[in-house]
Every structure is written in structure tokens, then in C-alpha cells.
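The sequence lines fix the lettering, A, B, ..., with proteins before strands; numbering per chain opens at 1. Just so you know, these numbers come straight off a predicted model, no measurement behind them.
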There are 2 protein chains.
Amino acid sequence: MTRPTAAILLTGSELLRGVIPDRNAAYLAERLESLGFSMRRTLMVGDPLADIEGGFRELAGAHELIVTSGGLGPTHDDRTVEALAAVAGVPLELDEAVLARITGWTDEVAQRMGFDRARFDAGNRKQARIPRGAQVLGMAGTAPGLVMEVDGSAVVVLPGVPSELRRLWQLAPEHPLLAPLIARAQPRQRLMLRTYGIGESHVADLFEQAGGDPDGVETSICARNYEVEIDIRSTAEGEAAGLQLWQRLQADLEPHLFATDERPIAEIVLELVRARGLTLVTAESCTGGMVAAELTAIPGSSDVFAGAAVTYSDRLKHELLGVPEATLEQHGAVSAETARAMAEGARRRLGANLAVAVTGVAGPGGGTEEKPVGLVYLHVSGPDGEAERRMQWGGTRHDVRLRATAAALHLLRDQLATSS
Amino acid sequence: MTRPTAAILLTGSELLRGVIPDRNAAYLAERLESLGFSMRRTLMVGDPLADIEGGFRELAGAHELIVTSGGLGPTHDDRTVEALAAVAGVPLELDEAVLARITGWTDEVAQRMGFDRARFDAGNRKQARIPRGAQVLGMAGTAPGLVMEVDGSAVVVLPGVPSELRRLWQLAPEHPLLAPLIARAQPRQRLMLRTYGIGESHVADLFEQAGGDPDGVETSICARNYEVEIDIRSTAEGEAAGLQLWQRLQADLEPHLFATDERPIAEIVLELVRARGLTLVTAESCTGGMVAAELTAIPGSSDVFAGAAVTYSDRLKHELLGVPEATLEQHGAVSAETARAMAEGARRRLGANLAVAVTGVAGPGGGTEEKPVGLVYLHVSGPDGEAERRMQWGGTRHDVRLRATAAALHLLRDQLATSS
């Protein structure tokens with residue numbers, strides 16, 4: 001029995017032209033694969049009606065499930081529903097129930113904002129016209145999400161706004177039209193290994209040495225967030241072999257392995273800090289608050305993360321963190337000595353047990369022969385002592401800052417994991 | 001004369017399945033459109049050879065330029081070059097010059113890292129095999145980027161790593177095989193309006209009232225970073241009409257308009273601060289350093305941005321920023337009073353003329369009936385006085401934090417722009 005196939009159709013000229021980056025494909029694909037669908041392709045087309053129709057015609061009949069994003073709005077360049085009707089060969093019909101819901105919503109907005117409610121009429125009527133035979137999955141603001149069968153494919157039509165797409169997508173797997181596909185879908189066993197500090201091709205070597213993919217197992221090795229992730233997916237037949245491969249690689253990768261699940265490194269750090277009953281602060285120069293931002297992105301971080309001093313100027317490194325002026329003068333702001341003084345100062349001045357400090361040259365300017373762009377010093381100061389790193393990276397300012405953020409979190413993890 | 005058409009082929013099962021999000025399509029599309037190509041579609045397929053071949057077969061001949069990303073690495077699931085050769089109907093041949101370059105590079109890595117240099121042999125030979133007739137555009141690490149004609153289309157083969165793709169892409173427009181296309185490409189006039197604090201459909205209304213798109217003009221209206229951007233592109237024939245539309249909308253959108261170019265809001269703020277000869281700091285609670293991170297993402301920010309106090313705990317709000325304990329007790333950490341005290345404290349304690357403070361309930365926990373998730377207070381304190389906002393948003397923790405970051409930067413801009 002083969003897994004049901006799925007494809008994604010992204011619509012929008014602003015996406016196609018790169019004016020805004022897509023934020024839906026990866027989400028949808030991950031959800032579809034988790035449900036047990038086999039993702040076959042993702043196609044992005046512009047707003048012209050003929051292009052969206054062309055996309056539908058290519059995908060309908062060829063894949064069992066098609067999920068579209070975008071083109072449901074009230075404006076002239078929102079044409080997904082019209083294209084769907086054309087490809088299905090059915091007329092668009094005004095859905096009075098949908099119109100009532102949309103109008104109720106826009107009336108409320110008009111009243112709250114002091115707009116003339118008639119301003120919304122044309123847009124509302126446009127959005128309430130749906131292809132004959134389509135079913136309303138739910139509303140995302142004034143846009144109805146739809147489900148419809150076209151050429152034997154189940155088509156799920158979702159809005160382009162990521163938060164609205166996510167909310168409506170959650171209703172789709174329950175829809176009767178998708179039920180037969182969901183019943184046939186076979187979620188694969190997924191085993192994961194996440195490493196830091198080892199290159200992708202070195203990991204690929206170890207994978208080959210371990211014999212590569214056994215039958216029923218599909219492994220992907222990829223770099224993300226400066227980590228290398230090994231993702232082993234097994235069908236029911238391949239589960240035992242997949243588990244064996246995972247165990248073998250787990251042993252081979254041991255010094256670099258830091259997780260076997262998807263928790264962000266910031267969450268792993270916070271959990272280790274919490275388990276030790278510590279509190280954490282950061283002292284940041286070149287990362288400018290990015291380490292703190294990653295940590296506070298995790299819900300519930302406030303119980304162990306107290307705050308950060310972003311000391312971009314030398315003056316603030318001295319005044320806020322107590323880095324001695326002599327240290328700054330003798331060694332410079334980008335030095336192991338300053339990184340250490342920042343971390344120790346952060347512990348003391350911000351009143352925490354554990355601190356990580358980052359100082360470096362993010363570029364593009366500010367580099368010297370002795371201290372080139374990409375040079376970053378990290379320092380962790382905690383109850384188990386000190387840990388430090390000197391890193392030298394290539395890449396843009398953005399790359400260097402992201403790399404330094406990841407390195408700071410991994411240095412914290414190393415220190416907490418080895419001492420616990 | 002019509003513009004030459006272009007399509008993008010993204011390869012990689014990890015992309016297709018949503019394990020990692022694509023970071024190349026928007027970059028390439030924006031570059032292609034800027035050069036005057038007409039982007040027709042972007043297709044994403046997985047690693048299987050047949051899928052990449054299928055993608056090439058669909059696009060080759062149908063579009064004048066095809067740019068691919070990914071699948072050039074040394075591992076078993078990097079198959080783009082093999083697929084290209086198959087579709088072109090030519091053999092893969094070892095390119096000795098490429099092999100020498102790759103080997104030189106891996107020998108260096110082997111020596112530096114203490115690896116056995118033979119470890120790289122198989123991967124190197126794989127990467128040095130290129131389709132007969134393909135030309136090497138340049139090297140990205142051990143991966144050669146290629147240019148080749150297939151079925152009358154110019155095909156540019158680039159690596160998947162975003163920084164390497166960007167570096168190699170910059171060589172492509174100069175390549176002789178692309179010259180005839182570049183000569184025919186017609187960069188369109190692009191006029192932009194960027195607004196904050198007005199909804200997408202309200203902007204669409206104003207656009208319709210202005211008469212919509214004249215001949216030769218194509219307008220897109222889209223929300224990005226909580227701004228609404230109006231992008232007016234005109235062919236040579238439509239330039240005057242495009243300019244007129246831009247001027248009309250500029251007048252209509254005036255209270256919300258903040259830029260007519262692509263500079264990030266953080267850069268606009270920094271330039272205003274610099275022009276006034278001020279220094280800037282941030283005091284952040286729920287944004288956890290994100291405002292500082294945005295500001296420091298801009299090269300050269302260090303001349304006006306001094307630093308930030310991320311005060312996640314009430315204790316640090318008091319100790320680091322001098323927020324009176326009575327204020328925290330009476331009004332709570334999420335209040336207009338605390339936001340004001342944070343901003344004033346940041347100016348005083350961090351020694352700057354201008355400060356913005358953010359405090360709010362990012363969620364998902366921590367909300368109350370009186371202070372629900374999504375409630376955020378902003379306060380700017382500067383030489384021209386005070387400005388404050390109370391915002392209430394829906395959405396996830398991530399959304400609320402991003403919205404608050406954007407709102408803080410826009411409040412700074414408003415204050416600086418109206419007082420200058």
C-alpha cells in the first residue's frame with residue numbers, strides 16, 4: 001500500500017517575485033508528511049488567472065491531495081477561487097451563509113473604526129462567491145477556506161496569511177472529503193539525531209560507513225541553524241532497521257550529539273538551567289540581544305531567564321557590566337578577556353548564577369588584520385566554572401550574528417550538560 | 001518585445017517535506033525581476049533522480065532561463081547534476097581542473113582538522129563530474145556551479161547553501177550564455193510606498209478609488225513585517241502613468257506613509273537618530289532583546305545605538321532600570337506606568353538621549369482578564385518629550401513579539417519624524 005500523495009500550490013505574484021518570502025510551504029509540508037502523506041512537489045505561481053488555472057490543471061488528478069495557499073482576499077489580484085471554479089468546470093455561486101458571516105464581521109470593524117460599512121460590500125460579495133460543489137472549511141477573517149474534489153483530487157483552499165492558514169489547516173484533516181486519504185496515510189516512524197560542531201559531509205561519511213539506508217528507511221542529512229540534523233524515516237517494514245541505524249549513528253556521533261528531538265537549543269538550555277535550579281542572564285555585544293531573544297522566544301522562560309545587558313558601546317560594557325577600562329584598553333572590546341569580564345559582570349550586576357557573554361566583529365566594517373570580521377569570543381561563567389571559545393567565521397554580518405547566537409547557546413548547553 | 005521568462009527549480013527532500021524552510025527562492029526571484037526577467041514559476045521537488053529530471057523536463061524549453069538550487073553536495077542524495085545530464089542527453093565527465101580545485105580545498109581541510117585526506121576522495125570525484133557541454137560558473141566550497149543550455153533554455157545550477165548560492169549567482173548575469181537574455185531583459189520602473197498602521201484592504205480600496213492599474217502598470221499590495229507595501233512596476237510605456245498613480249497614492253496614504261524605498265524600519269530609525277545627533281537605547285521586557293537585535297542588524301548601528309537592558313524579571317526592571325517598586329506593585333509590570341519608567345530609566349541609567357521601552361504579555365501563559373495575552377505597552381522618551389501606545393493584538397507568542405518589535409520601531413520613527 002503506497003502512501004497518498006500530496007502537492008502544494010502557492011499563489012501570489014509578490015511571493016513569486018520574491019517581494020515577500022513564503023512562510024507556508026514548510027509548515028504545510030511538515031504537517032502533511034506527519035499525517036503520512038508523501039509530499040511530491042510544491043509549485044508557486046503568480047496572480048494571473050491563467051497561471052493559477054495552469055497550476056491547478058497540472059496538479060489535479062496527478063496528486064491525491066492538493067493544498068493551496070493565498071489568493072482568497074477581497075482585492076483584484078485574489079483569484080484562486082475563480083481559477084478553481086474554472087478548472088472544475090463549475091460556476092461561482094453566492095453563498096448567503098458565508099456572506100452573512102463576512103458582513104457581520106466587516107460591520108463590526110466598520111463600527112469600531114468609524115468606517116462606512118458599504119465600503120466592504122464589493123469585497124464581501126466577491127469573497128462569498130464559491131464554486132458550486134465546494135464546501136466551506138471555515139472562515140479566516142473574511143476569507144472562506146474551501147474543500148472540493150477536482151479530477152479525483154481533494155483540494156483544500158487556504159488563505160495566504162500564515163496565522164490564518166495554520167488555524168484553518170487544523171480543520172482539514174477532519175473533513176469528510178479527506179477521510180479516505182487520512183485512513184490510507186501511513187505516518188512513518190521518525191527518528192532524529194541533532195549534532196553541533198561537526199560538518200555535514202563528515203556526518204554523511206559516518207552514515208555511509210554505517211551502511212546507508214536499509215530497505216524501508218529514508219535518511220536525510222541537513223544543516224539547519226548551524227546544526228546538522230539526521231532524520232531517519234521508516235515505513236512499518238523498515239522500523240527495526242531504522243532503529244538500528246539510529247542507534248549506530250547515535251554512538252558514532254556521540255561527542256557532537258545534543259538532542260534526539262525537535263526542541264530548539266534555547267529550550268534545551270532553559271530546561272537544563274531549570275533542572276539545576278539556576279538563573280541565567282546574557283551579556284551581548286555583536287549579537288545585540290539575539291541570544292536573549294532566542295531564550296525569551298520559549299514560553300515560560302521567565303522563571304529562569306532574568307534578562308540581558310546588550311552593551312554595544314565600550315562605555316556600557318564598563319558602566320553596566322563593570323568590564324574594567326584597563327581590560328578594554330589593553331585587550332580591546334573583542335577579546336577573550338573582555339568576554340570573560342562581561343560574563344562575570346553580568347552574573348554579578350544582573351544577579352544570576354549563570355551568564356554567557358558574546359563579543360565579536362560582525363562586519364562588514366570594523367575588521368582589522370589582527371581582529372578580522374567574523375572573529376567572535378564567547379564566555380560562559382557559572383557555578384561549575386568558566387568555559388570559553390574563540391571562533392572565526394566567514395559570511396555576512398547576518399551569518400556571523402546567527403552563528404554567534406547558536407554558538408553561545410551551545411556553549412551554555414555543553415557547560416550545563418557536562419557538569420550535571 | 002516581451003521580457004525573457006525565468007523559472008526556479010528548488011531541489012531537496014528536506015525542503016519539500018518542510019524539514020527546513022527554503023531561503024533561496026525569494027532571493028533569486030527578486031534578483032531575476034530586478035534584472036528585467038519575468039518570473040513565471042518556482043517548482044520544488046525532492047531528491048529522487050526521477051523527480052529532479054521531471055522538474056527539468058517541465059521547465060526546460062518552456063522558460064528562457066532556469067535557475068536551480070541544491071543537490072550539488074558530495075552525498076548520496078545530491079543528484080541535480082546527474083539529472084541535468086540525463087535531461088540534456090549527455091554523459092557526465094570528470095573535469096580535472098574542478099577535481100584539482102576541490103582536492104586542494106579538501107586537503108587543506110583535512111590537514112587543518114587532522115582528517116585522513118582520502119576520506120574526501122569519493123565525494124570529490126562525484127562533485128567533479130559535470131555534464132558534457134556544461135561550463136563551470138565558479139566554485140562554492142567543493143561544489144561547482146554550472147551553466148548549460150538545455151532545450152533552448154539557459155540553465156544555471158547553484159548550490160543550496162544560501163550564502164554560497166548568493167555568491168555564485170552574482171557571477172551568472174555576466175556569463176556569455178546569459179548575455180542575449182540580459183540584453184533583452186527590460187528592468188521595469190519600480191515605485192514603492194510603505195505604510196504602517198493601515199489595513200491591506202483599506203489600501204486596496206484607495207488603490208481602486210485611484211482607478212486601479214493603468215496600461216503597462218502592475219501594482220501589488222502586500223502585508224509584510226506588519227507593514228503594508230504598495231509596489232508599482234511599470235514598463236517603459238507605462239512609466240508616466242505609474243508615476244502618476246504613485247503620486248496619487250502617496251497623497252492618499254500620507255498619514256500612514258513612512259518610506260518610499262526598501263530600507264528596513266530599523267535603518268530608517270537609526271538614520272533619523274543620527275541626523276539629530278542623538279543616541280538610542282532600548283528597554284525590553286516581552287520582546288526580550290528583539291528591538292535591539294533589529295537595530296544592531298544594521299551595519300554601522302554602533303555609532304548611535306549604545307545598548308539595551310532586557311529586564312525580563314521585575315527585579316531587574318527595578319535594579320537595572322530603576323523602575324520604582326511602588327510602580328510595579330501598583331500598576332504591574334505590564335502597564336503604561338512601568339513602560340514609561342523603563343524608558344526614562346533606560347535614558348538615565350544607560351546614558352542616552354532617546355529610549356524606547358516595551359512591556360507586555362506575549363503569552364501563551366500569563367494573561368489575565370484585565371491584562372490578556374497580546375496586551376503591550378510601548379513608551380518612547382526623548383528630548384522632544386514622551387510618546388506612548390497601548391496595543392492589543394491576537395496571535396501567537398511569536399506574532400505578538402514581532403508585532404511589538406515593529407510597533408516599537410515605528411513609534412520611535414513617528415516621534416523622530418514629527419519632531420525633526
What part of [X] gets within 4.5 angstrom of chain B, counting heavy atoms only: side chain, backbone, both, or neither?
X	result
Asp314(A)	neither
Arg315(A)	side chain
Phe207(A)	side chain
Ser302(A)	both
Leu402(A)	neither
Arg401(A)	side chain
Ala362(A)	neither
Thr219(A)	backbone
Leu316(A)	side chain

Residue, of [options], that accumulates the most heavy atom pairs under 4.5 Å with chain A:
options	result
Ala122(B), Ala297(B), Ser313(B)	Ala297(B)
Arg166(B), Glu319(B), Glu284(B), Arg40(B)	Arg40(B)
Met39(B), Arg31(B), Arg23(B), Arg119(B)	Arg119(B)
Ala293(B), Ser285(B), Gly395(B), Gly289(B)	Ala293(B)
Glu58(B), Lys317(B), Glu164(B)	Glu58(B)
Pro299(B), Gly365(B), Gly394(B)	Pro299(B)

Who among [options] has the most heavy-atom pairs with chain B under 4.5 Å?
options	value
Ser201(A), Gly123(A), Gly351(A), Gly46(A)	Gly351(A)
His202(A), His398(A), Glu294(A), Arg167(A)	His202(A)
Ala204(A), Ala306(A), Ala292(A), Gly300(A)	Ala306(A)
Val45(A), Asn225(A), Leu43(A), Asp22(A)	Leu43(A)
Leu295(A), Asp51(A), Asp47(A), Asp399(A)	Asp51(A)

Looking only at non-hydrogen atoms, find the nearest pair between [X] and [Y] and report the distance.
X	Y	value
Leu320(B)	Ala308(A)	CD2-O, 4.4 Å
Gly18(B)	Ala29(A)	N-CB, 3.7 Å
Ser220(A)	Asp77(B)	CA-OD2, 4.3 Å
Leu16(B)	Arg41(A)	CD1-CA, 3.5 Å

Can you list the residues of residues 5-14 of chain A that sit under 4.5 Å from chain B, counting heavy atoms only? Glu14(A)

State whether the side chain of [X] and the backbone N or O of [Y] hold a donor-acceptor pair below 3.5 Å, judged by distance alone.
X	Y	value
Arg397(A)	Thr296(B)	yes
Arg224(A)	Pro21(B)	no
Arg17(B)	Ser38(A)	no

Look up atom OH in Tyr312(B) and atom OG1 in Thr279(A), then write down how far apart they are to the nearest 0.5 Å. 15.0 Å

Pick from Glu262(B), Glu30(B), Glu229(B): which one makes a side chain to side chain contact (heavy atoms under 4.5 Å, CB included) with Val19(A)? Glu229(B)

